[in-house]
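What you see is a predicted model; the values in this text were computed from it and never measured. The basis for the numbers below is simple: all heavy atoms, side chains too, and nothing from hydrogens, waters or symmetry mates.
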Amino acid sequence: MKKLLEGKTIVVTGCASGIGWETARLCKAWGASVLGVDRTMTHDHVEALYKCDLSDPAQIRQLVQALPHGVHGIANVAGLPPTAPAELVLKVNLVGLKAFTLAMIPKLADGASVVNLASLAGLDWASHISSIHDSEALDFDDVAEFVRTHDAGDAGGRSYFFSKEALIAWTLQHRWTWRERGIRMNAVSPGPVDTPILGDFVKTLGARAEEDMRVMDRPGAAADIAPVVAFLLSDLSGWIRGTNIPVDGGMSSHLLCNMHAL
Ligand SMILES: NC(=O)c1ccc[n+]([C@@H]2O[C@H](COP(=O)([O-])OP(=O)(O)OC[C@H]3O[C@@H](n4cnc5c(N)ncnc54)[C@H](O)[C@@H]3O)[C@@H](O)[C@H]2O)c1
């Protein structure tokens, strides 16, 4: 039987650790040729590693130039936790991700799939529409000013929350942008996942994180998330477009039920 990703070339950013590492491993196991991108070196599960700091527009331009034409999928997994400086969080999690993806569109094969790693932290995106609009054309040089003038700074991990809120909105907005070429974009929103940055979330969110962990049966594992990403990269998910899929052990439903008194 043909493997699900056989014949596909998939780019996985953040492939050196956590969810990206597991996504790269699984895509390879499902038959893909995996091109890894990270600021850290790794050779596990990847055909080739492209070293790149995704907060740096010059490095992103070089990366896009170096990657081949005909890529069938991008898993945008690289990301920083809320303990990193707000400016950097927005650059990597939002501005760099968008710049990289948009620059790659001409190099993608028709029918390609883009999957953005958002988060449960982005669930309340609809309450931040004004800032999301203001961030639509945000460039690297304007991030410091944006952080100062919007609810996207270090306090309470807002930089992280905002980066994921805006990423979910951006994914929805691009439901049909490249439909003539069959190029799709979706997001996956994990709840707390046991990777090296889980402690950073707990540290930033304090009592809120403790309460989340109390009601959950367990934190997620990278292996809970990667199959959903790999499925979205496969042709089996061809009619799933512009959506955000929570993979969180039921946590987003729990929060929504509380929010709407269900
Ligand atoms: N772990 C969680 O609880 C959780 C929950 C929801 C969403 N997420 C999201 O999942 C994604 C992966 O997180 P993870 O938990 O696997 O974290 P991780 O720290 O294990 O992996 C993140 C990877 O991104 C890379 N990276 C960070 N900054 C970079 C940069 N400037 N340039 C290139 N690469 C860079 C790191 O080197 C690392 O390999 C992130 O986008 C994160 O926001 C994680």
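- Between L54 and R39 there is no side-chain heavy-atom pair separated by less than 4.5 Å.
- Contact record, S119 with I168: O-CD1, 4.0 Å, taken as the closest heavy-atom pair.
- Under a hydrophobic-cluster definition in which Ile, Leu, Val, Met, Phe, Trp and Tyr are linked whenever side-chain heavy atoms come within less than 4.5 Å, directly or via other members, V229 and I240 are assigned to the same cluster.
- Contact annotation: the side chain of I19 approaches that of T195 to within less than 4.5 Å [non-hydrogen atoms, C-beta and beyond].
- Between H254 atom NE2 and D212 atom CG the span is 7.5 Å, to the nearest 0.5 Å.
- In this structure, R181 fails the cation-pi test against W178, since its NZ or CZ atom is not both closer than 6.0 Å to the six-membered ring centre and inside 45 degrees of the ring normal.
- When all heavy atoms of I245 and T243 are compared, the closest pair comes out as CG1-CG2, 3.9 Å.
- For F201, the ring pair (Phe, Tyr, Trp, His ring centres under 6.0 Å) criterion is met by Y160, not counting sequence neighbours.
- Scanning both residues, S135 and I132, for their nearest heavy atoms gives OG-O, 2.8 Å.
- Using a 4.5 Å heavy-atom threshold, the side chains of P192 and M213 count as touching.
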I'd like to know whether L236 forms a side-chain contact (heavy atoms from CB on, under 4.5 Å) with L4, so could you lay out the CA-CA distance, the side-chain angles of the two residues, the decisive distance to 0.1 Å, and finally the verdict. CA-CA 8 Å; L236 280 186; L4 220 51; 3.6 Å; yes
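- Remark: the backbone N or O of T9 is paired with a side-chain donor or acceptor of H72 at under 3.5 angstrom.
- Between L67 and F100 there is a side-chain heavy-atom pair separated by less than 4.5 Å.
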Yes or no on side-chain contact (heavy atoms from CB on, under 4.5 Å) for M185 and T101, after CA distance, side-chain angles and deciding distance? CA-CA 10 Å; M185 180 187 282; T101 305; 3.9 Å; yes
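- With Q59 contributing its side chain and D53 its backbone, the two residues share a donor-acceptor pair below 3.5 Å.
- Residue pairs meeting the salt bridge (Lys or Arg N to Asp or Glu O under 4.0 Å) criterion with at least one partner in residues 8-23, sequence neighbours excluded, are K8-D235, E22-R25.
- Looking at V46 and V12, their side chains never come closer than 4.5 Å, going by heavy atoms from C-beta outward.
- Cluster membership check: L49 shares its hydrophobic cluster with V34, using side-chain heavy-atom separations under 4.5 Å among Ile, Leu, Val, Met, Phe, Trp and Tyr.
- The hydrophobic clustering, which links ILVMFWY residues whose side-chain heavy atoms are closer than 4.5 Å, places F231 and V193 together.
- The line from CD1 of I74 to OG1 of T13 is 9.0 Å long, rounded to the nearest 0.5 Å.
- Judged by distance alone, the side chain of K164 and the main-chain N or O of L117 form a donor-acceptor pair under 3.5 Å.
- By the 4.5 Å heavy-atom criterion applied to side chains, S131 and E165 are not counted as neighbours.
- Between F146 and H150, the ring planes lie parallel to each other; the angle is under 30°, not in the 30° to 60° tilted range.
- In plain terms, the two heavy atoms of L198 and P219 that are nearest each other are CD2-CB, 4.3 Å.
- Partners of D38 by side chain to side chain contact (heavy atoms under 4.5 Å, CB included), not counting sequence neighbours, listed by chain and number: C15, A16, T40.
- Between E87 and R148 no salt bridge is recorded (no basic side-chain N to carboxylate O distance below 4.0 Å).
- Within a 6.0 Å sphere centred on NZ of K28, heavy atoms belonging to other residues, nucleotides or ligands number 12 at most.
- In this structure, the side chain of N116 does not engage the main chain of N76 through any donor-acceptor pair within 3.5 Å.
- Note that CH2 of W170 is 8.5 Å distant from CG of L94, once rounded to the nearest 0.5 Å.
- Heavy-atom minimum distance, L5 versus A230: CD2-O, 4.0 Å.
- L102 and Y50 fall within the same hydrophobic cluster, where Ile, Leu, Val, Met, Phe, Trp and Tyr residues are linked whenever their side-chain heavy atoms come under 4.5 Å apart, directly or through other members.
- Contacts of W21 classified as ring pair (Phe, Tyr, Trp, His ring centres under 6.0 Å), with partners at least two apart in sequence or in another chain: H45.
- The ring pair (Phe, Tyr, Trp, His ring centres under 6.0 Å) check on W30 picks up nothing, with sequence neighbours excluded.
- The CG atom of N186 sits 5.0 Å away from atom CG of L232, with the distance rounded to the nearest 0.5 Å.
- Contact check for K107 versus V11: no side-chain heavy atoms found under the 4.5 Å cut-off.
- Cluster membership check: L35 shares its hydrophobic cluster with V64, using side-chain heavy-atom separations under 4.5 Å among Ile, Leu, Val, Met, Phe, Trp and Tyr.
- Contact record, I183 with A109: CG1-O, 4.0 Å, taken as the closest heavy-atom pair.
- One finds the OG atom of S252 at 12.5 Å from the CG atom of D124 (value rounded to the nearest 0.5 Å).
- Of the inter-residue distances, the one linking R158 atom CZ with T204 atom OG1 reads 13.0 Å to the nearest 0.5 angstrom.
- Applying the 4.5 Å side-chain rule to ILVMFWY residues, one finds L120, L123, V215, M216, L255, L256, M259 in the same cluster as M251.
- Under the 4.5 Å side-chain criterion, counting only non-hydrogen atoms from C-beta, W125 is not in contact with N244.
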